[in-house]
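Computed from heavy atoms alone, side chains included, the values below leave out hydrogens, waters and symmetry copies. Predicted model, so just to flag it, every value in this text is computed and none were measured.
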Amino acid sequence: MIPFGLFFLVLWVVLRFRLDTALVEILKNHWLRWFLLSSYLPLPKTSTAVRVREALIYLGPIFVKFGQTLSTRRDLLSVEYADELAKLQDQVPPFSSDKAIELIETSLEKSLNDVFAQFETEPIASASLAQVHGAVLLDDSKVVVKVIRPKVEEQIMRDLRMMQAVSRFLERVSHIARRLHLVDVVNDYETTIVGELNLENEARNTVQLRQNFVNSPLLYAPRVYNHLTTKKVLVMERIEGIPIHSIDLLREKGTDLKVLSQRGVETFFTQVFNHNFFHADMHPGNIFVDVSDPKNPSYIAVDCAIIGSLTEEDQTFIALNIVAFFNRDYAEIARLHVESGWITDDGDLAEFEMLIRKLCEPFFKKPLSEISFGQFLLDLFTASRRFDMEVQPQLVLLQKTLLHIEGLGRQLDPDLDLWSTAKPFMEKWMKERYGALATVQQVLNHAPQLAVELPTLPNLLVTARRTIKRLEKKIEYESRQVRELQQSQERNKRRRIYKTVLGLGLIGIASLLWWGLGMEALLPLVLGTSGIVFVLSR
């Protein structure tokens, strides 16, 4: 249940921003909609999507961050809502520097002067969960100090309780809310944001990303000072770079933007397929460019709190889909979606293939520079709603990251050809993973186990047919048991009805006897009741 304080807060926000119009859409054909103002009052001038965005800003930074997360679920939201929520900016006023220093000293259990030669009291950046200060260590190393906001965890848990209560209520009363999986979306958000509150997680992710790209010309991750890092404080190298969105400044420095955009695509595919460890929050604020060699620029990634990875099955599924998309093999894309369980196998596969073809063909009629694989994924998720396609959270992170990378690449180089960069990479990856040499290597790697199992192979081949027959009989037996159980339940149900009817009949007979009717009058009732009991007890 929603606590009274939270209930009145929800009610106030709904009334102030006229979110009852959004609830009408969710509670369509439900009797509760007649209690909403929009059923009787004129509609506001601004769209519902705009007012939802404004309400999230009013509720505070945690809701703003949730709106940003929700904006990436274009498989669930309409284009209007997704575009409007994407406008949310996570900019929060900084908290007191004195409080920041107190938190740092408490967390590190040391005086500030025992750790830093210099400490900038004015924060470099301030976000919903933490703020960042510049500092210099005693060995003259330039660093940044990230500190979690005071009491932010209590605020987050309070807000999450309200989100969970509201989402559960909406799912109980609305099939639209159930289709949107609001409870699951809130739970995914809770997992993400609670993970961000522990800066030790971010430190581990940054260390791993740094190791993955050591000596690589593609990407650099800052050094982490683990001995100065706790759950509430993170100290890491202060990087020198140009923000990725400062295109004019990059041009002034003579940066080769074409090389930079191509390296962005290569970095993405390297993280996803070679490392299976990708930075899943690569919005412009978290990406900088090292232009010490303008003709050979590289990326610098910060804020590694959100990291994505894929199962081997999902990794292979995505790779096969990309290759099939490059080859315009729509039947293969449809088949892969069924085999992977993304859509149910009782759906119309031919209809789904037609949907894929309808989505893909317009892309191939455009110049390569205008083709967006990220946009294709959005269109696919949206159009596949009627096939009840389920999208896993890690794949949504992948889609979001691809959209960020592709969008940034197009800003750097409007003629970016994602295909010419991605297709050779994917074909090489498939060859290395599933080609003849890869098969031979797998055999060699498992040679000791194969040597042990090889003598049993002839016996397995001989007994395979008998084993399959036994399995078929077992399945048939279990199916029969299930049918018998269902029949038994149905008989028990009829017996309960029988007892109910018999009881009512006896009560009726007793009532008639009470009123003094003779057996001649009771005989038709007794026979009728007996007949009903006989039929129901079969």
Side-chain angles (χ1 to χ4, degrees), residues 1-3 5-7 9-10 13 19 22-23 25-27 52-53 55-56 59-78 81-82 85-86 88 90 127-130 148 152-202 205 231 278-281 283 303-311 313-314 340-342 381-382 384-385 388-401:
M1 294 295 293
I2 305 177
L6 296 181
F7 171 78
L9 176 60
V10 171
V13 172
L19 299 186
L23 291 175
E25 298 173 19
I26 296 175
L27 299 176
V52 167
R53 174 176 60 80
L56 292 175
L59 284 167
I62 304 305
F63 285 86
V64 169
K65 202 169 184 67
F66 177 70
Q68 290 178 320
T69 301
L70 195 60
S71 71
T72 66
R73 296 304 305 265
R74 291 177 181 260
D75 57 312
L76 302 178
L77 299 177
S78 67
Y81 277 93
L85 293 179
L88 290 168
D90 190 15
S128 57
L129 303 184
I148 295 292
V152 71
E153 189 169 355
E154 293 87 342
Q155 180 187 357
I156 287 173
M157 299 315 297
R158 182 202 69 195
D159 293 343
L160 284 172
R161 284 199 304 273
M162 180 167 69
M163 289 181 182
Q164 289 165 344
V166 171
S167 61
R168 284 195 298 268
F169 169 74
L170 292 176
E171 282 205 3
R172 281 199 299 269
V173 300
S174 169
H175 74 280
I176 296 177
R178 288 190 292 272
R179 182 183 65 76
L180 293 176
H181 303 292
L182 288 182
V183 172
D184 292 338
V185 171
V186 172
N187 289 339
D188 290 341
Y189 175 63
E190 178 181 5
T191 301
T192 298
I193 201 165
V194 170
E196 288 187 71
L197 287 172
N198 186 348
L199 293 180
E200 290 177 339
N201 290 334
E202 182 177 341
N205 293 339
K231 289 183 178 181
F278 60 92
H279 193 309
D281 196 20
H283 61 75
D303 195 355
C304 302
I306 306 175
I307 290 291
S309 62
L310 302 175
T311 64
E313 292 78 11
D314 283 340
S340 68
W342 273 33
F381 291 165
T382 302
S384 298
R385 288 175 185 169
D388 296 324
M389 189 172 83
E390 298 287 342
V391 182
Q392 299 302 315
Q394 66 271 21
L395 296 176
V396 175
L397 284 176
L398 179 71
Q399 168 222 322
K400 182 186 78 169
T401 305

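By the side chain to side chain contact (heavy atoms under 4.5 Å, CB included) test, E190 pairs with M157, L160, Q164, N187, V194, sequence neighbours left out. Under the side chain to side chain contact (heavy atoms under 4.5 Å, CB included) criterion, D303 pairs with K146, E202, D281, N286, A305, not counting sequence neighbours. For N201, the side-chain hydrogen bond (donor to acceptor under 3.5 Å, both in side chains) partners are R204, not counting sequence neighbours. For E200, there are no salt bridge (Lys or Arg N to Asp or Glu O under 4.0 Å) partners at least two apart in sequence or on another chain.
The two residues V183 and S167 make their nearest non-hydrogen contact at CG2-OG, 3.8 Å. The two residues A280 and G308 have their closest heavy-atom pair at CB-N, 4.0 Å.
Atom CD in E153 sits 9.0 Å away from atom CD1 in I148 (nearest 0.5 Å).
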